[in-house]
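Notes for the one structure printed next.
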Amino acid sequence: MPLQNRVDPWGNLVATGEHGTLMGNRGGRIHLADKTLGRRRWASSRWISCVTDFKGRHRSIWGDSYTELFFLDEVTALAAGHRPCFECRRAEAKVFLGHRNLTEFDRLLHAERGADKPMVLVSDVPTGAMVEHDGAAFARRGGKFLRWSFAGYTQAVHFNPAMRVKLLTPPTITAILASGFQPRWHNTAQQWDD
């Protein structure tokens, strides 16, 4: 039976058999000894996304250490409010964070995760950010929006640029994407490239 450790773009933890391309955590252990979740959904404000293979390390998923979580891709992790890890993804993390103070950034991002999701114009959504429309999540990739699922991106749609949608990716991360940060995409996103 799958653990409740797959993260959707809203930041929810779901039990599904689909595996993602990145893993991460929410600052420590949030699972119980019986490998179920208690009431907590984070241990600290340091929510990170990591590569699944690093220096040959092998982990016991939901063992005695932190609670491992899995994401379809980095676009999903960013929408859920996770940033690149400074250990296994140092180069990407440095580009992502720039000159920002890490502790202040994590604190700001944590506040944004708990806030209401803002409504934005489709034309203001940068590539790599995710939005909600009619209860579904869509990731912007160039001029298209790709419908998200745990298995990958399933459909490409065009939204009217003047339409308003709910922004799932936290505003601070959206600004980093708008400034040119290139997140990792699941390979299913490539089928709609021009």
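Here the structure is a predicted model, which means the values were calculated and not measured.
- Residues Asp73 and Tyr153 have side chains that bring a donor and an acceptor to within less than 3.5 angstrom of each other.
- The distance from atom CD1 of Ile173 to atom CZ of Phe181, rounded to the nearest 0.5 Å, is 9.5 Å.
- Side-chain N or O atoms of Lys144 include one that pairs as donor or acceptor with a backbone N or O of Trp192 at under 3.5 Å.
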Val120 vs Val165, side chain to side chain contact (heavy atoms under 4.5 Å, CB included): CA-CA, chis, key distance, verdict:
CA-CA 6 Å; Val120 297; Val165 289; 4.2 Å; yes
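- Side-chain contact between Glu74 and Pro84 is present, with at least one heavy-atom pair separated by less than 4.5 Å.
- In Lys35, the NZ atom is crowded: over 12 heavy atoms of neighbouring residues, nucleotides or ligands sit closer than 6.0 Å.
- Of the possible polar contacts, one joining the Thr127 side chain to the Gly142 backbone as a donor-acceptor pair under 3.5 Å is found.
- Leu37 and Met23 end up in the same hydrophobic cluster when Ile, Leu, Val, Met, Phe, Trp and Tyr side chains are linked at under 4.5 Å.
- No donor-acceptor pair under 3.5 Å is formed between the side chain of Lys117 and the backbone N or O of Trp10.
- Taking the side chain as every heavy atom from C-beta outward, Asn5 and Ile61 approach each other to under 4.5 Å.
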Check step by step if side chain to side chain contact (heavy atoms under 4.5 Å, CB included) holds for Leu167 and Thr174.
CA-CA 9 Å; Leu167 182 65; Thr174 299; 3.6 Å; yes
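- Taking hydrophobic clusters as Ile, Leu, Val, Met, Phe, Trp and Tyr residues chained together by side-chain heavy-atom distances below 4.5 Å, Leu146 does not share a cluster with Phe138.
- At least one cation-pi condition fails for Arg83 and Trp47: the charged atom is not both under 6.0 angstrom from the six-membered ring centre and inside a 45 degree cone around its axis.
- Closest non-hydrogen pair, Ala129 versus Leu177, comes out as N-CD1, 3.6 Å.
- Closest heavy-atom contact between Ala43 and Ile30: N-CG2, 3.7 Å.
- No donor-acceptor pair under 3.5 Å is formed between the side chain of Glu87 and the backbone N or O of Cys85.
- As a member of the Ile/Leu/Val/Met/Phe/Trp/Tyr network built from side-chain separations under 4.5 Å, Met119 groups with nothing else and remains a singleton.
- For the pair Arg6 (side chain) and Glu18 (backbone), a donor-acceptor distance under 3.5 Å is present.
- Interatomic distance, CG of Leu109 versus CG of Leu78, reported as 9.0 Å (0.5 Å rounding).
- Taking CG of Asp8 as the reference point, atom CZ of Phe150 lies at 5.0 Å (rounded to 0.5 Å).
- For Asp34, the CG atom sits in a packed shell: over 12 heavy atoms of surrounding residues, nucleotides or ligands are nearer than 6.0 Å.
- The structure places CG of Leu97 at 5.5 Å from CG of Leu102, a figure rounded to the nearest 0.5 Å.
- Closest approach of Thr188 and His186 over heavy atoms only: OG1-ND1, 2.8 Å.
- Atom-to-atom distance recorded for Arg147:CZ and Gln155:CD is 6.0 Å, nearest 0.5 angstrom.
- Residues Pro183 and Gly128 come closest through the heavy atom pair CG-CA, 4.1 Å.
- The same ILVMFWY cluster, assembled from side-chain heavy atoms under 4.5 Å apart, contains both Val75 and Leu168.
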Kindly indicate, with the supporting measurements, whether the criterion side chain to side chain contact (heavy atoms under 4.5 Å, CB included) is fulfilled by Leu121 and Arg164.
CA-CA 4 Å; Leu121 289 172; Arg164 295 183 74 76; 3.8 Å; yes
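- Between Ser149 and Thr154, the shortest heavy-atom distance links the atoms OG-CG2, 3.6 Å.
- Between the side chain of Glu104 and the main chain of Asn101, no donor-acceptor pair closer than 3.5 Å is present.
- Put simply, the side chain of Leu13 reaches to within 4.5 Å of the side chain of Arg26, judged on heavy atoms.
- One N or O on the side chain of Arg140 and one on the backbone of Val125 form a donor-acceptor pair closer than 3.5 Å.
- Val14 and Leu69 are not part of a single hydrophobic cluster, where members link through side-chain heavy atoms under 4.5 Å apart.
- Checked by atom type and distance alone, the side chain of Thr52 never pairs as donor or acceptor with a backbone atom of Leu22 at under 3.5 Å.
- Counting heavy atoms from C-beta outward, Leu72 and Thr21 have side chains that stay 4.5 Å or more apart.
- Residue Asp106 holds its CG atom at 12.0 Å from CZ of Arg100, rounded to the nearest 0.5 Å.
- What you find for Met130 and Thr169 is that their closest heavy atoms are N-OG1, 2.8 Å.
- Note: the hydrophobic cluster containing Tyr66 also contains Phe70 (ILVMFWY, side chain heavy atoms under 4.5 Å, direct or indirect links).
- Side-chain contact between Thr16 and Pro2: absent, with no pair of heavy atoms (C-beta onward) separated by less than 4.5 Å.
- Checked against a 6.0 Å centroid threshold, the rings of His158 and Phe145 do not count as neighbours.
- For the residue pair Ser49 and Arg89, a side-chain donor N or O sits within less than 3.5 Å of a side-chain acceptor on the partner.
- Annotation: side-chain hydrogen bond (donor to acceptor under 3.5 Å, both in side chains) contacts of His133 (sequence neighbours excluded): none.
- Between the side chains of Thr67 and Trp62, no donor-acceptor pair of N or O atoms lies under 3.5 Å.
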Show, in sequence, the C-alpha distance, side-chain angles and deciding distance for Phe105 and Phe96, and conclude whether the ring pair (Phe, Tyr, Trp, His ring centres under 6.0 Å) test is met.
CA-CA 11 Å; Phe105 181 83; Phe96 180 83; 5.7 Å; yes
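- Remark: side-chain polar atoms of His31 are paired, donor with acceptor, to backbone N or O of Gly63 under 3.5 angstrom.
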Any chance you could lay out the side chain to side chain contact (heavy atoms under 4.5 Å, CB included) test for Trp185 and Gln190, step after step, and finish with the verdict?
CA-CA 8 Å; Trp185 287 83; Gln190 296 170 8; over 6 Å; no
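- Side-chain polar atoms of Arg113 and His110 form a donor-acceptor pair below 3.5 angstrom.
- In this structure a side-chain-to-backbone donor-acceptor pair under 3.5 Å is missing from Glu68 to Gly24.
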